[in-house]
Amino acid sequence: MIGKKRWSSIRWKIVFIYFLLVFIATTIIGVFIMSQLEAYYKDSIRDNITRMVEETMLRSSLQEYGDLASHQAEIQTNISSWSKGVQQEIFVVDNDFTIIAASNNENLILKSAVEFLNQDLIVSGLNGKIDEKDEIIKSPKKETPVKSLVFPIGEEDSIKGVLYIREDMTSVYTTIDKSKLIFVQAMVIALLITVVLGFFIARSITVPINDVTEKAEKMAKGDFSQEVSVKSDDEIGRLAEMFNLLRQQLNLTLSEISNEKSKLETILKYMADGLIAVDLSGHIIHANPAAMAMLSITADDMVNRYYDDIIKGYNEGLMFDRLRENSKDGGATDVFFYGGSTFAVRYDRFKDENSQDVGIIMILQDITERQKLENMQTDFVANVSHELKTPLTTIKSYTETLLSGQVDDKETETQFLNIIDAEADRMNRLVKELLQLSRLDYKQEKWNKKESNLISLLKSVVTKVEMTAKNKNQHMNCIFDDGQKIMAVIDRDGIEQVLLNVLSNAIKYTQEGGRIDIDALRLNKSAQIIITDNGIGIPEKELSRVFERFFRVDKARSRAMGGTGLGLAISKQIIEEHKGSIEMESKEGRGTKVTITLPLSHSRGIKNIE
Ligand code: ADP
């Protein structure tokens, strides 16, 4: 496999192509030169013979003989003397194919030329043509290549015979063969040089390509530190340059993608909204921690899980097929209840780069608190309107009665005016409390916090309500040690308002002759004021709502007693402003216990102590 790879490499291909090109070129040149050389030699032999025939007047002298055969001896003598010093063999053949004279071999004289010379050539000559032929003369010992030329003797219409001249071409062929050998040697050397040169040229191309390939392989494995060294400014150099640019860009893009990914992961991890991604087959691809918390699932629960398995039974409208259907023309929204919470759901399809649907993304938003707030706001407005409307209606009806002149006795008139006055007071109180709540909500209440003794404050509040309790024959028991000091940094008016409210409630919601215990304790870091009554108490299911605005267990009774339903809500906010707490325990028909906890002051004996 490696061997095959090596030979199929571009280096060997280039070497092979070079070799082939040089081989073909030299072969063509060689064949051409050799054939030209051969033709040149043959032409020069022919020219030599022709020149010799013309220059020596050989033919013209023979033509002068009337009959060749009768002058045989004379012609032979002439031929022998002419042929001296020339390499050619000269024959004179009669028109009856008899050899009249032969320059080199007198044995052939008067023998038939057909046996020794080329018959076709003689016929051609006898027909008046000068003709030639290359032939091979075979003798038992060797074969000799010769060039034969024939010249007619006599006029065209009275050919007496032919002059037949042939020249040995062995030396020509030997020269050509030698030339061929030299050429083949040169060709082998040229091919060797080609192979070596081709190897180096190919190497100069393949080394940088191999470098790029090697580094690209490393890059494919994630190593982007590879830089190709650019050595030339040719195509290879450009390739290396482009590779480096590509590497840089890829590195940059990848780091951007990874930054984006980690940013996205962090956003998904910490975003308050839940996010679920589901692929087209309904499998959960991703769910962020918020979504997992909302649906009470773990990351392990989601491995290969169908989205429908998790959502089934909670909201049929959110099953995967419905989501797919509803999100056909853009995103959709829904509301989803799970585990006592309310979630707003928004979902839409997400697509790949070819705008093909890949899956559905859902965003879950916990709107439980928001809904609660919205409900509270609506309830609050309704309550305020109602609370204001009730005294207004009363005032209006009594005023109308008075104005109509139907009431003529002074006593009823005074009674009516007292009712109007009381209702106006209630309205006034209500508006005041609402304004106070609003100030508390917007943190606009001005506090005048000073270190104060809670015991002295408690005593003064008890004094203020004592009469009311007495009127109901209730026993107010101050259990605390009225000589001790429990110091806390408080706004005296604010805490007084809280204590008055709690104590008034205890008196209000405890029957005649009831008992109210008031205690104050100093704990490790806090002070506690505990007010316990044995009044009507609060049903267990209502207890958690007593600090809500306008909440009253028995509206009619509370209103009859002048309550607005805002007292405890305001108290709670005041106490929380002091970093304390107010708690209520109660048993219906048995009584109620209110515990107010306030932090003790750290400093002692400083200014503003009251
Ligand atoms: P109100 O002006 O109606 O007294 P509060 O906010 O002070 O408003 O109290 C809210 C409701 O809590 C009251 O209407 C009453 O039903 C209940 N409540 C408060 N204190 C007591 C208590 N000591 N015993 C029984 N019920 C109480």
Should the pair Glu325-Arg322 be classified as a salt bridge under the 4.0 Å nitrogen-to-oxygen rule?
no
Do Glu135 and Ser148 meet the criterion of a side-chain donor-acceptor pair at a distance under 3.5 Å?
yes
Starting from the C-alpha separation in whole Å, work towards a yes-or-no answer on side-chain contact (heavy atoms from CB on, under 4.5 Å) for Leu245 and Gln248.
CA-CA 5 Å; Leu245 201 72; Gln248 262 176 19; 4.3 Å; yes
Min side-chain heavy-atom separation Val92-Leu62 under 4.5 Å
yes
Which atom pair, heavy atoms only, marks the closest approach of Val93 to Ala113?
CG1-CB, 3.7 Å
Looking at Glu265 and Lys261, is any side-chain nitrogen of the basic one under 4.0 Å from a carboxylate oxygen of the acidic one?
yes
For Ser327 and Gly330, indicate whether the former's side chain and the latter's backbone hold a donor-acceptor pair under 3.5 Å.
no
Is the shortest distance from a Lys or Arg side-chain nitrogen in Lys147 or Glu167 to a carboxylate oxygen in the other one below 4.0 Å?
no
List the steps, then state whether side-chain contact (heavy atoms from CB on, under 4.5 Å) holds for Asp134 with Val146.
CA-CA 6 Å; Asp134 296 336; Val146 292; over 6 Å; no
To the nearest 0.5 angstrom, please state how far the CE atom of Met187 sits from the OG1 atom of Thr194.
10.5 Å
Min side-chain heavy-atom separation Lys42-Arg46 under 4.5 Å:
no
Verify the ring-centre separation between His283 and Tyr307: is it less than 6.0 angstrom?
no
Report the C-alpha separation of Phe243 and Glu227 in whole Å, then their side-chain angles, then the decisive distance to 0.1 Å, and conclude whether the side-chain contact (heavy atoms from CB on, under 4.5 Å) test is met.
CA-CA 8 Å; Phe243 177 85; Glu227 179 114 4; over 6 Å; no
Could you check whether any side-chain N or O of Gln365 sits under 3.5 Å from a backbone N or O of Phe343, counting only pairs where one atom can act as donor and the other as acceptor?
no
Please check: side-chain N/O of Thr98 versus main-chain N/O of Asp94, any donor-acceptor pairing under 3.5 Å?
no
Here the pair of heavy atoms bringing Thr368 nearest to Gly340 is CG2-O, 4.1 Å
Residue Met242 excluded, over 12 heavy atoms near CE under 6.0 Å:
yes
Assess whether salt bridge (Lys or Arg N to Asp or Glu O under 4.0 Å) is satisfied between Arg238 and Asp234, documenting all intermediate values.
CA-CA 6 Å; Arg238 291 262 307 140; Asp234 56 8; over 6 Å; no
Quick check: closest heavy atoms across Leu108 and Ile99, and the distance to 0.1 Å?
O-CB, 3.5 Å
Go through the steps for Arg51 and Glu54 under the test salt bridge (Lys or Arg N to Asp or Glu O under 4.0 Å), then give the verdict.
CA-CA 5 Å; Arg51 206 180 314 116; Glu54 298 306 332; over 6 Å; no
Between Gln76 (side chain only) and Ala102 (backbone N and O only), is there a donor and an acceptor less than 3.5 Å apart?
yes
Identify whether the distance between the nearest side-chain nitrogen and carboxylate oxygen of Glu577 and Lys443 falls below 4.0 Å.
yes
What I'd like to find out is whether the side chain of Met292 reaches to under 4.5 Å of the side chain of Thr298, using heavy atoms alone.
no
Over all heavy atoms of both residues, which pair between Arg203 and Pro208 is shortest? Give the atoms and the distance, please.
O-CD, 4.1 Å
Separation between CG (Asn210) and NZ (Lys215), nearest 0.5 Å, reads 11.5 Å
Rounded to the nearest 0.5 Å, the CE atom of Met219 sits from the CG atom of Leu254 at a distance of 9.0 Å
When you measure from the side chain of Asn95 to the backbone N and O of Ile159, does any donor-acceptor pair fall under 3.5 Å?
yes
If you measure from the Lys or Arg side-chain nitrogens to the Asp or Glu carboxylate oxygens, is any gap between Asp67 and Lys160 under 4.0 Å?
no
Residues Tyr65, Glu74; criterion side chain to side chain donor-acceptor pair (under 3.5 Å); working and verdict
CA-CA 10 Å; Tyr65 295 109; Glu74 195 182 334; 3.0 Å; yes
Evaluate the salt bridge (Lys or Arg N to Asp or Glu O under 4.0 Å) criterion for residues Lys218 and Glu214: first the C-alpha distance (whole Å), next the side-chain angles of each, then the deciding distance (0.1 Å), finally the verdict.
CA-CA 6 Å; Lys218 284 187 182 161; Glu214 228 170 75; 5.0 Å; no
Between Asp334 and Val345, is there a donor-acceptor pair closer than 3.5 Å when you use the side chain of the first and the backbone of the second?
no
Which pairs with one or both residues in residues 335-352 pass salt bridge (Lys or Arg N to Asp or Glu O under 4.0 Å), sequence neighbours excluded?
Arg349-Asp357, Lys351-Asp357
When you measure from the side chain of Ser103 to the backbone N and O of Ile90, does any donor-acceptor pair fall under 3.5 Å?
yes
Counting C-beta onward and ignoring hydrogens, is there a side-chain heavy-atom pair between Leu295 and Ile310 closer than 4.5 Å?
yes
Under a 3.5 Å threshold, yes or no: a donor from one side chain and an acceptor from the other, between Tyr270 and Asn288?
no
Which heavy atom of Pro152 sits nearest a heavy atom of Gly125, and at what distance?
CB-O, 3.1 Å
If only atom types and distance count, is the side chain of Asn354 paired as donor or acceptor with the main-chain N or O of Gln356 below 3.5 Å?
no
Any side-chain heavy atom of Arg166 sitting closer than 4.5 Å to one from Asn118?
no
Would you compute the distance between atom CG of Leu117 and atom CG of Leu121 and round it to the nearest 0.5 angstrom?
9.0 Å
Using a cut-off of 6.0 Å, state whether more than 12 heavy atoms not belonging to Gln444 lie near its atom CD.
yes
Working to the nearest 0.5 Å, report the span between CZ of Arg370 and CG of Asn375.
11.5 Å
Kindly say whether Lys129 contributes a backbone atom to a donor-acceptor pair with the side chain of Asn127 at under 3.5 angstrom?
no
In the structure I gave you, are the side-chain heavy atoms of Thr77 and Ile79 within less than 4.5 Å of one another anywhere?
no
If you compare all heavy atoms of Phe350 against all heavy atoms of Ala277, which two are closest, and at what distance to 0.1 Å?
CE2-CB, 4.5 Å
Is it true that Asp441 and Arg549 have a side-chain N and a carboxylate O under 4.0 angstrom from each other?
yes
Is Phe224 atom CZ crowded by more than 12 heavy atoms from other residues, nucleotides or ligands, each under 6.0 Å away?
yes
Roughly how far, to the nearest 0.5 Å, is CG of Leu364 from CD1 of Ile367?
11.0 Å
So, do Leu252 and Glu256 sit near enough that their side-chain heavy atoms are less than 4.5 Å apart?
yes
Over 60° means perpendicular and under 30° means parallel, so classify the ring planes of Phe19 and Phe23, tilted if in between.
parallel
Taking Asp308 for the side chain and Phe320 for the main chain, is one N or O donor matched with an acceptor at less than 3.5 Å?
yes
Heavy-atom check, side chain of Phe151 versus side chain of Val162, under 4.5 Å
no
Pair Tyr41, Thr175 - check side-chain contact (heavy atoms from CB on, under 4.5 Å), show working.
CA-CA 10 Å; Tyr41 279 129; Thr175 312; 3.3 Å; yes
